[in-house]
Structure formats: structure tokens, C-alpha cells
Amino acid sequence: MKICVIGAGYVGLATGVMFGKLGHNVSVADIDQGRVKTVNSGRLPFYEPPLEKELSRLVKKGILKATMETVKAVSESKFVFICVQTPSLPSGRIDVRPVKAASRDIAKALKRSDEYKVVVMKSTVVPSTTDSIVRPILEKVSGKVVCKDFGLCVNPEFLQEGSALRDSMEPSRVVVGSEDKRAGDLLMALFAPIEAPKIRTDLRSAEMIKYASNVFLATKISYSNEIANMCVRFGIDSEGVLKAAGMDPRIGPLFLKPGLGYGGSCLPKDVRALKDKARAEGYSSKLLSTLLAINDLQPIEGVRMLEEEIGSLEAKRVAVLGLAFKGGVDDIRETRAVPLVTQLLAKSAHVVAFDPMAMGSFIRIMPTIEFAESAAECLKGADGCIVQADWPEFRKLGKKEFSRMKRAVVVDGRRCLDPERVERAGAKYLGIGYGKAGKG
Ligand code: NAD
Ligand code: UGA
């Protein structure tokens with residue numbers, strides 16, 4: 001089967017590689033020439049090693065190729081997956097311009113071809129987008145009719161960055177929303193080799209399932225942050241509290257880690273987008289507003305903890321470890337490092353930062369701070385440190401590194417370090433939600 005994926009980003013390339021591994025021929029179309037060249041040389045435009053290894057193999061075998069000729073690639077394919085970005089506009093609404101542009105290209109190809117093709121929306125879009133924005137473009141530009149001449153489906157993506165390939169090959173579920181039975185049946189058949197529960201539904205429900213999922217994840221994280229902020233003031237370590245709470249199967253153990261808030265290209269934008277969509281339909285969501293407010297407070301909480309320990313931050317050298325939105329990735333979209341550094345600079349601190357993979361892109365957005373070449377360099381002479389991303393290598397920091405600090409105080413903004421190890425190394429450990437029993 002020939003498959004076209006539009007958008008050579010995380011989702012497009014993970015989807016393309018998954019279908020390539022399942023034995024299909026894949027064209028990945030993108031408007032970014034640099035990305036097309038990178039993919040055709042067997043490399044990824046981002047850091048995701050297992051996915052890159054498979055991509056490289058598929059490109060070498062001629063199974064997957066990237067192209068800028070979207071219309072041609074769609075014309076030659078049976079299935080077309082829209083995987084372009086849907087970023088936030090200042091209002092919180094999603095920017096659907098990339099989706100519209102991709103839809104126009106698909107429509108041009110539909111016009112040329114008599115074959116029944118299935119168009120699949122994989123980008124995250126608010127309920128009714130596929131029906132009220134994509135469908136009219138496809139029908140108007142192609143002169144063809146959905147359900148009769150071509151199929152239209154929604155198939156939301158649930159992968160996490162850092163485990164994109166595994167999550168694509170072994171998803172927790174596959175959601176197939178369709179307008180007509182024929183298109184839904186064809187997409188179900190395409191996903192047949194993937195072992196996962198499969199949910200068939202309508203277009204809008206499929207769109208909403210994605211938001212319901214991401215909003216719940218943001219809620220769990222925000223709940224953990226609230227519990228942790230209270231625990232630290234009550235002199236209780238939140239880790240044991242959240243672990244015990246998570247043993248209730250109705251709560252569950254995952255995504256209960258307090259920290260500096262949720263970043264990344266999706267959770268913050270999806271909470272904002274759903275809030276905006278609900279407001280547009282006359283519903284003002286208190287939960288979604290609160291989720292955003294709690295998230296905004298977390299970097300301030302991290303800075304407050306450091307300030308409480310070392311006093312005014314004015315002219316103090318503060319080391320920030322981890323600039324990506326989480327450890328293991330080089331993605332800085334909506335990283336909490338930005339509000340964290342901004343807050344430190346507002347307090348007149350001197351910020352020195354390090355990240356194993358994300359420094360190149362962070363320098364472009366915050367060029368005025370100091371950058372170090374390693375975590376050890378970053379800590380040297382610092383009056384305090386805040387860990388912003390949970391890179392595994394930060395867990396290995398010990399006496400050798402902490403002893404180089406002017407004042408060895410560590411705020412673990414991701415609860416990723418071992419408090420005992422840090423304290424054995426002679427540093428003061430202050431984790432988000434880490435209070436020592438007996439304080440109050
Ligand atoms: P991305 O920004 O990494 O990649 C999008 C790609 O689409 C870019 O390479 C861009 O050049 C290309 N593009 C834009 N307009 C185009 C057009 N008209 N024709 C061809 N190519 C075009 O985006 P992403 O992170 O892969 O996210 C894509 C969608 O999937 C978003 O809606 C996002 O919310 C959703 N999603 C992302 C993730 C994730 O982990 N990143 C997970 C689940 C869902
Ligand atoms: C998230 C979801 O987990 C995916 O299921 C979804 O497909 C994706 O968004 C998307 O729609 O794009 P991802 O953006 O890769 O995936 O990031 P997560 O691993 O969910 O982490 C998001 C943020 O939450 C990070 O800043 C992380 O540090 C933070 N987090 C995560 C916590 O603070 N606590 C936790 O317990 C878990």
C-alpha cells in the first residue's frame with residue numbers, strides 16, 4: 001500500500017516509520033527543504049535515536065522517502081495522513097493555517113485522481129475542525145464529495161516524545177473516527193497488524209478523545225503540584241504521599257510527579273485550545289483556567305524555594321540544569337526553562353545554563369544568559385542550582401561536582417535526583433514537594 005504522510009515532524013515521521021515497518025511504501029511530504037534533505041539522508045530533524053535508526057534503515061531500502069512535491073505524493077497514495085503542526089495563537093486558539101494548506105494540496109491531488117483515497121487527520125485539532133474546515137476545502141477544491149469519492153477520518157496520535165517509535169508500534173489504543181463506514185473500515189484494516197484496543201467513533205468524538213486525554217494528563221500533573229506545594233509547607237515528603245495515593249487503581253501511579261510544570265509542544269497548547277473552543281461555544285471551563293494558572297506558578301515555586309534558602313538572588317550565580325521541556329529530548333517548545341530563567345533574571349540573578357541536547361536552540365531564544373559546556377562546568381562557582389529537566393546524567397552528579405559550587409544548594413525541580421545521594425555529596429537538597437517530616 002502507498003501511504004503519504006504530510007509533515008516531517010515527530011508525528012509524521014513516527015507514523016511514516018511505523019507504516020514503513022509494517023511493509024508499506026511511505027512518502028513524507030514537507031514544505032521545509034532542509035527537513036526533506038535531512039530525512040532523505042536517513043537522519044531525523046530532532047533527537048529520537050531509536051526512531052532515527054529505523055528511519056535510516058527504511059530510507060536506505062527505498063521504503064521511505066521525503067519530498068516537497070505534496071500533490072504528487074498524495075496522487076500516488078491510497079491513504080494520506082495530515083500530521084502538520086497546530087500551534088497556539090495568542091488567544092489560545094489553534095492556528096489551522098498549516099492544516100488548511102495541507103488540505104488544499106490534498107484536494108488538488110483528489111481532483112486529478114479517480115481512485116477512492118482516505119484522508120486522515122492525525123494533527124490535534126479541536127472538535128469540528130475536520131468537518132467544518134478540512135472537509136469544505138477538500139470538497140470545494142477537488143469538486144469531489146466526501147464519503148462518495150473519498151473518505152475522511154480522524155486518527156489522533158498519543159505518542160510521547162522520547163519514546164515515539166515504541167508508542168507508535170505499541171499504542172495504548174487506536175482511535176478511528178470516520179464519516180463513512182467504508183473509510184473507517186479501510187483505516188481499521190490498515191491498523192490491523194497493530195495490537196491495541198481499537199475504538200471506532202465519529203469525527204468529532206475522535207478529535208475530543210485527544211483533548212480529553214491530554215487535559216487529564218495536565219490535571220494529574222497539576223494535582224501532584226498542588227499536593228506537593230502543600231506537603232512541602234506541612235513538612236511532609238510528597239513522594240510517599242503521591243505514591244500511596246497512586247496505588248488506588250482509580251488514581252493510578254503514572255504522571256504524579258510534581259515539578260516546575262508541564263511543558264512541551266502539546267499539553268499547554270491543548271489545554272489552552274480546549275478552553276478557547278469551550279468559550280467560543282458558550283462554556284467557561286474553570287478546570288482548564290485553573291490548570292493553566294497552577295502551571296504558571298510552578299517555576300515561581302522553584303525560585304521561591306531557592307530564595308528561601310540562600311536569600312536574595314541579586315547578583316547570585318544560579319545554575320539551571322536542563323533546558324529541554326523534559327529530559328531525553330532536544331525539544332524546547334514551551335519548555336519551563338523559559339519562565340524559570342525569566343523569573344531568575346527578574347530577581348537580578350546571573351544565570352548559567354546547561355543541557356545535553358537543547359543548548360543550540362535555547363541560545364537562539366535566550367542569548368543573553370551564560371551557557372556552560374557540561375553540568376560540572378555549570379555548577380562551578382554557583383550559589384545555587386535548579387534542575388529543570390530530568391536528564392538521567394544529572395542523577396550521577398556527586399561530591400566532585402557539588403563541591404565546586406560556591407554554595408551547594410540544589411532545587412530539584414523534577415524530583416529526578418536521589419535526595420540522599422545529593423546530601424551525602426555535601427549539598428543541601430530541596431525538591432519540589434520535598435519537606436522533611438516534623439517541621440510543623
Ligand atoms: P512538528 O512541528 O514537529 O512538525 C510539523 C511538520 O509539518 C513540520 O516539519 C512542517 O514544516 C510541516 N508542515 C507544515 N505545513 C505543511 C504543509 N502545508 N505541507 C507539508 N508540510 C507542512 O509537529 P509535531 O510535533 O509532529 O505535531 C504535529 C501534530 O501532532 C500537532 O497537531 C500536535 O499537536 C500533534 N501531536 C504531537 C505530538 C508530539 O509528541 N510532538 C504527539 C501527539 C500529537
Ligand atoms: C504528551 C503526552 O504524554 C502524549 O501522550 C501526547 O501524545 C503528547 O503530549 C502530545 O499530544 O503531543 P510529551 O509532550 O512528549 O507527551 O510530554 P510528556 O512526557 O507528557 O511530558 C509533558 C510535560 O509534563 C513535561 O514538561 C514533563 O516534565 C511534565 N511532567 C510529566 C510532569 O511534570 N510530571 C509528570 O508526572 C509527568
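Each ligand, and each atom within it, is numbered from 1 in the order the structure gives. Treat the numbers as computed from the prediction; the structure is a model and nothing was measured.
Considering backbone and side-chain N/O atoms, Y10 comes within less than 3.5 Å of an N/O atom of ligand 1. For ligand 1, none of its N or O atoms has an N or O atom of A101 under 3.5 Å away. Inclusion of T124 in the set of residues having an N or O under 3.5 Å from an N or O of ligand 2 is not warranted. Considering backbone and side-chain atoms alike, F158 places an N or O below 3.5 Å from some N or O of ligand 2. The distance criterion of under 3.5 Å between nitrogen or oxygen atoms is met by K269 with respect to ligand 1. Below 3.5 Å of separation, one finds no N or O of D32 facing any N or O of ligand 1. Between D270 and ligand 1, a contact under 3.5 Å exists for no N or O pair. Taking any N or O of R333, backbone or side chain, at least one lies under 3.5 Å from an N or O belonging to ligand 1.
Comparing G263, A164, C416 against atom 22 (C) of ligand 2, the shortest heavy-atom distance belongs to G263. In the candidate list G322, C266, G327, C266 is nearest to atom 10 (C) of ligand 2, counting heavy atoms. With distances taken over non-hydrogen atoms, the option nearest atom 20 (O) of ligand 2 out of F255, Y262, F325 is F255. The closest non-hydrogen atom to atom 17 (C) of ligand 1, taken over T124, T15, I106, I31, comes from I31.
With respect to atom 11 (O) of ligand 2, the closest heavy atom belonging to the protein is K210 NZ, 2.7 Å. Ranking the protein heavy atoms by distance from atom 39 (C) of ligand 1 puts E161 OE2, 3.7 Å first. D30 OD2, 3.2 Å is the protein heavy atom nearest to atom 12 (C) of ligand 1. The closest protein non-hydrogen atom to atom 27 (O) of ligand 1 is V11 CG2, 4.0 Å. Atom 14 (C) of ligand 1 has as its closest protein heavy atom Q85 OE1, 3.0 Å. Closest to atom 3 (O) of ligand 1, if we only count protein heavy atoms, is G9 CA, 3.3 Å. Protein heavy atom closest to atom 20 (C) of ligand 1, with residue, atom name and distance, is I6 CG2, 3.4 Å. Summary of contacts: the protein heavy atom closest to atom 30 (N) of ligand 2 is I221 CD1, 3.5 Å. Protein heavy atom nearest atom 2 (C) of ligand 2, with residue, atom name and distance: L217 CD1, 3.8 Å. The closest protein non-hydrogen atom to atom 1 (C) of ligand 2 is L267 CD2, 4.1 Å. The protein non-hydrogen atom at the shortest distance from atom 36 (O) of ligand 2 is K257 N, 2.9 Å. Remark: minimum distance from atom 15 (O) of ligand 2 to any protein heavy atom is reached at E161 N, 2.7 Å. Atom 8 (C) of ligand 2 has L159 O, 3.5 Å as its closest protein atom, hydrogens excluded (heavy atom only). From the protein, the heavy atom lying nearest to atom 19 (O) of ligand 2 is Q160 NE2, 2.7 Å. Nearest to atom 43 (C) of ligand 1 among the protein's heavy atoms is E157 O, 3.3 Å.
Less than 4.0 angstrom separates some heavy atom of T86 from each of these atoms of ligand 1: 31 (C), 32 (O), 34 (O). When each atom of ligand 1 is checked for a heavy atom of C266 under 4.0 Å away, the hits are 33 (C), 34 (O), 36 (N), 37 (C), 38 (C).
Between E179 and R135 a salt bridge is recorded (basic side-chain N to carboxylate O distance below 4.0 Å). One finds a salt bridge joining E301 and R233 here, because a Lys/Arg side-chain nitrogen approaches an Asp/Glu carboxylate oxygen to under 4.0 Å. Looking at D276 and K269, no side-chain N of the basic residue comes within less than 4.0 Å of a carboxylate O on the acidic one, giving no salt bridge. Classification of K347 and E307 as a salt-bridged pair holds, one side-chain N sitting under 4.0 Å from a carboxylate O. For D202 and R204, the salt-bridge test fails: no basic side-chain N is under 4.0 Å from an acidic carboxylate O. Between E48 and K53 there is no salt bridge, since no side-chain N of the basic residue sits under 4.0 Å from a carboxylate O of the acidic one.
Within 6.0 Å of NZ on K428 lie no more than 12 heavy atoms contributed by other residues, nucleotides or ligands. By the neighbour-count criterion of 12 heavy atoms within 6.0 Å, atom NZ of K72 is sparsely surrounded, having that number or fewer from other residues, nucleotides or ligands. Around NZ of K78, the count of heavy atoms belonging to other residues, nucleotides or ligands within 6.0 Å exceeds 12. Counted within 6.0 Å of CZ on R166, heavy atoms from surrounding residues, nucleotides or ligands total 12 or fewer; the atom is thus considered open. For E423, the CD atom is densely surrounded, since the number of other residues' heavy atoms within 6.0 Å is greater than 12. Crowding of E239 atom CD: a count of heavy atoms from other residues, nucleotides or ligands under 6.0 Å not exceeding 12.
Using a 4.0 Å cut-off between heavy atoms, P156 makes no contact with ligand 1 at all. Of the heavy atoms in A29, only backbone atoms (N, CA, C, O) come closer than 4.0 Å to ligand 1.
In this model, a donor atom of one side chain and an acceptor atom of the other lie less than 3.5 Å apart for K122 and N155. With hydrogens and angles left out, the side-chain atoms of R93 and S91 include no donor and acceptor closer than 3.5 Å. Between the side chains of D412 and Y429, a donor-acceptor pair is found at a separation under 3.5 Å.
Contact between Q160 and ligand 1 is absent, with no heavy atom of the residue lying under 4.0 Å from the ligand.
Figure legend: R173 and F158 shown as a cation-pi pair, the cationic atom lying under 6.0 angstrom from the six-membered ring centre and within 45 degrees of its axis.
Side-chain contact between F362 and T335 is present, with heavy atoms from C-beta onward closer than 4.5 Å. With a 4.5 Å cut-off on side-chain heavy atoms, P45 and R35 count as touching.
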